[in-house]
Structures are given as C-alpha cells and as structure tokens.
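Heavy atoms only: backbone and side chains are in, while hydrogens, waters and symmetry mates are out. Lettering follows sequence order; numbering is per chain, from 1.
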There are 2 protein chains.
Amino acid sequence: MESLNRVTEPKGRKRSSKRDPEANRRLLIKATLDTIADIGVTDTSVSRICERSGLSRGMIHLHFGGKDNLLTAAAQHFSTEYYAEMDRLADLGSDASPEDRVMAVIEADLSEALLNPRSTKIWHAFRGIASSHPGIARYSSTQDPKLVETLRRAFMEIAQQNGHDPNLVNDATSGTLALLEGMWVNYLTDMQIFSRRRSAELIRRFLGGLFPGKFML
Amino acid sequence: MESLNRVTEPKGRKRSSKRDPEANRRLLIKATLDTIADIGVTDTSVSRICERSGLSRGMIHLHFGGKDNLLTAAAQHFSTEYYAEMDRLADLGSDASPEDRVMAVIEADLSEALLNPRSTKIWHAFRGIASSHPGIARYSSTQDPKLVETLRRAFMEIAQQNGHDPNLVNDATSGTLALLEGMWVNYLTDMQIFSRRRSAELIRRFLGGLFPGKFML
DNA sequence: GTCTCTAATGGACGATCGTCCATTTAATGT
DNA sequence: ACATTAAATGGACGATCGTCCATTAGAGAC
C-alpha cells in the first residue's frame, strides 16, 4: 500500500512503537474476523469489534469510513490471506508431476492451516451475506483465477498424454473445486465426523475414475 | 398440529374466512423467507417482516414467541419444503434403473424448482448464520437421511453387479452430494454463466469414471 | 343480545445500532 | 520550548432494534 518509504525513518524500527495507524487498521480487521468467527455476522457490531480490539469506537469511522467498508476490507483480507497460504502450501516446483500438483492443491485446501473452525465460519458467513452485499461478493468466490489456472494446466498435461476430449480438462477443474467446496460444507456441518484424509482420498478416487491409470494410490 | 378436529365446523369451509391463526403463521414464515431472499438476513428485522406480511408487529411474539423462533421455524419450513419437492421430482418407481434414479436426484437438485435465485440466497444465508444459531443449524444440513439412503441404495445396486470394494458406495454418495453442493455455490456466485445441463453432465461424467461402463451418455 | 375467549393490534419501552465530531493526545518540524 | 499536524478518543445523536402488553375486534356459546 504505502508507496513512499519515509526517508526520515531510522533503522529498521517500526515507526516509534506508539501511534501506528497501519497496525491499528490491521488490528481492526483481525478483530472483525475473530468476532465473526465467534458470534456470527449478525451479532458483529461496531461496539463488539472495538471492545475486542481494545480500540475506541471512533477508529472504524476514522480508518474505514464506516462499518460496511470495514467488513469489505475484512473479506478482502481474508480472501488474500487464504490464497497466499494456498500458494505457500501447494506450490510445488513445475518439475513435480501434474498429479502431484493437483493433489497438493487438494491436500492444502483440506489442511488445518486452511480448513479450520475459524476460517470455515468466516467463509460461510461472508458467503451468506454476499448476495445482499456487493462489496463482499467480490471476495467470496471460490474460483480464484490463479488457482483455476494451476489446476487447469495440470489436468491439461495429464489429459494430453492420452487422447481425451477438450472438455475433460474443464470438467476436471470445475469438479475438483466443487468437490472441495462440498468438503468445506461437510466440515462446517460436523467437524467431529469429518476426516481430512478420507476427504482427500474421495476426491483422488473421483479423479482416478476421470483419468484411467492416474491418481492411483 | 391441531389434534382435535372441531366437530362444530361445518362443511369443508376453511374456518370462516377471517381469523385464521394458522394461515397467519404460514404468512409470517413466507414473509420471513421472502425478506431474507430480498435484502439478506442481516437486514431482516421484525418490522420488515411485518410490513411485508401486512400483519401487525405483535404477531411474531404471539405466534412464535420471538424473532429467533420465527427464524428457526422459517428454516425448518424451507428445509421441509425443499426435501418434499425433491421427493416429488426425483421419486421414480423402484422399477427404474439405479443409474436413472441417481440422475433423477441430480437433475432435480439442479432444476429450476429447487435451484433458483430465491432458494440459493435463503439456503446460503441460513448456512452462514448456522454456526452461531444452533436452532437453525439443525436445518441447514445437506445430508438429509432419506436422500442419502436413496443414493446409497442406488449406488449399491450398481456396485454389486461388479465386484467393487465396499467404500465405493459411500464415496459415490458423499461425492455426489459434495458435487451438488459445489454446483449450488457456482450458481450463487454467477447465475448468468451457470448452466444446469453442463453441471448435470459434469457430475454424470465423474460418476461414469467411478463406475466404468455406467452413466454413459 | 350478552358473555366469553382468543386472535390481533399498535404503540411504549429500554437497549443497542452506526455515524459523526469536538476534544485530547502524541509525534514531528522549526 | 512552541507550533503544527495527524491519530485517537469517547460520548452525543437520532434511528432502529426486539420485546412486551394494554387494548380492540371478532367468533362461537348460551
């Protein structure tokens, strides 16, 4: 964001310990997400966010201009963080086999780092209000272009070894994302019963059927 | 509900045209669901529900004892209606082939009767607040026992013709429901792009991979 | 008609909502 | 040390929230 690196800033110190607007901005966003995960969007009010962050009530209007903008910023932050973590977990080098790369995405999406009580609650809360909140809808899509491209490229490599029809790659990509979506819902519905391993193996099995001879255990 | 059929009631007349508590109950539930679909759960207030139903503000407390109970009743009603319509659309006789029965469920779930703007918005709105609203969580599951059993039975018949491992049936059932879940999300995210036909064919393709020789076009 | 009982009304109520701003506090420049 | 500027505070404000209840209206029973 902040494009100018203030030349007056000495050493590597982060400003001067107090009065850090940027840190407070982030603190508010974090408090918002935590509150949503704890008590739900419906009960997430300005007062509640402030009391959790330890900041005063005026800060939201000061830094975001209103509650709606804070919510949108929180949704954007959450989405960005999610895909950044996905990149970190699933980005094997391009020397890895396409099957391994696909499975890396699946296992990353089902890992505790991405799929946990906090993130599922936040994710579904945002999705639930997205229809009536255009600003949030922009960040509640599961079809991140980069992730889609990663999957598509991998499936393409697998498919062109044999002679499959062109829609196969599209279907494999959409189907994989849809299956993962379903797994998140299963996790939200009953976290006790849910098994990350079984979920990953289920998806592998579906892909194995789609690409005979591939995705075997 | 009303266990006694008041003997004094003449003919088939519905009470006496005015003063119909049961109708008002249903009217309130319908107004609640419509409001949620229109402006979202967050903005769905007692006042808004009443103004839409044309009834007075006291009715909610009178018939449901509070807003929370009304919301829960609305979620239950919606869920019941959904599965009733699913039954109506997908219940081929048991003389139909298991493949046809599975595809009937899939096509029903993707039909305009079940998958439309109103129902997707309501469904995801309820799911979004389910985590912080135990009463609603009970009706936001996608794993309706009867529907699961229908699919499981059909996949069982398909599987036991060949000699597959026992987990195949469970995986096929869970996977089909997960894929449908993902399709609903796709529909919510972008209704313009969504295609019912392509979605159904995608799921069929995945099942075709799982059961070689079956689910062919 | 009168009595009885319940459905239904609509406003009162305190609590809380989100917004906004006068004021205070802290850091920087001179 | 003082002036300047930005960050941060916390309470005032009107609007709206959900609940509750005194009251009115309507439909049998007698």
Distance, rounded to the nearest Å, where A/L55 contributes CG and D/dT9 contributes C1': 10 Å
Interatomic distance, A/L62 CG vs D/dG10 P [rounded to whole Å]: 14 Å
OP1 or OP2 of C/dA8 under 4.0 Å from side-chain N/O of B/H63: yes
Between A/S47 and A/R57, a side-chain donor and acceptor under 3.5 Å: yes
Distance-only polar pair, side chains of A/S119 and A/N116, donor-acceptor under 3.5 Å: yes
Summary of protein contacts for nucleotides 13-21 of chain D, nucleotide by nucleotide, where a base hit scores B, a sugar-phosphate-only hit scores S (4.0 Å, heavy atoms): ----SBBB-
Under-4.0 Å side-chain N/O to phosphate OP1/OP2 contact, A/N24 with D/dA7: no
Integer-rounded Å distance: C/dA7 P and B/L28 CG: 14 Å
Side-chain touch A/D109/A/L115, heavy atoms, less than 4.5 angstrom: no
Donor-acceptor pair between B/N170 and B/R152 side chains, under 3.5 angstrom: yes
Side chain to side chain donor-acceptor pair (under 3.5 Å) partners of residues 120-133 of chain B, not counting sequence neighbours, each pair once: B/R127-B/E181
Donor-acceptor pair under 3.5 Å, A/R19 side chain vs D/dA7 base: yes
Atom-pair distance (CE on A/M59; P on D/dA7), nearest Å: 10 Å
side-chain hydrogen bond (donor to acceptor under 3.5 Å, both in side chains) partner of A/T35, chosen from A/K30, A/R52, A/R48, A/E51: A/R52
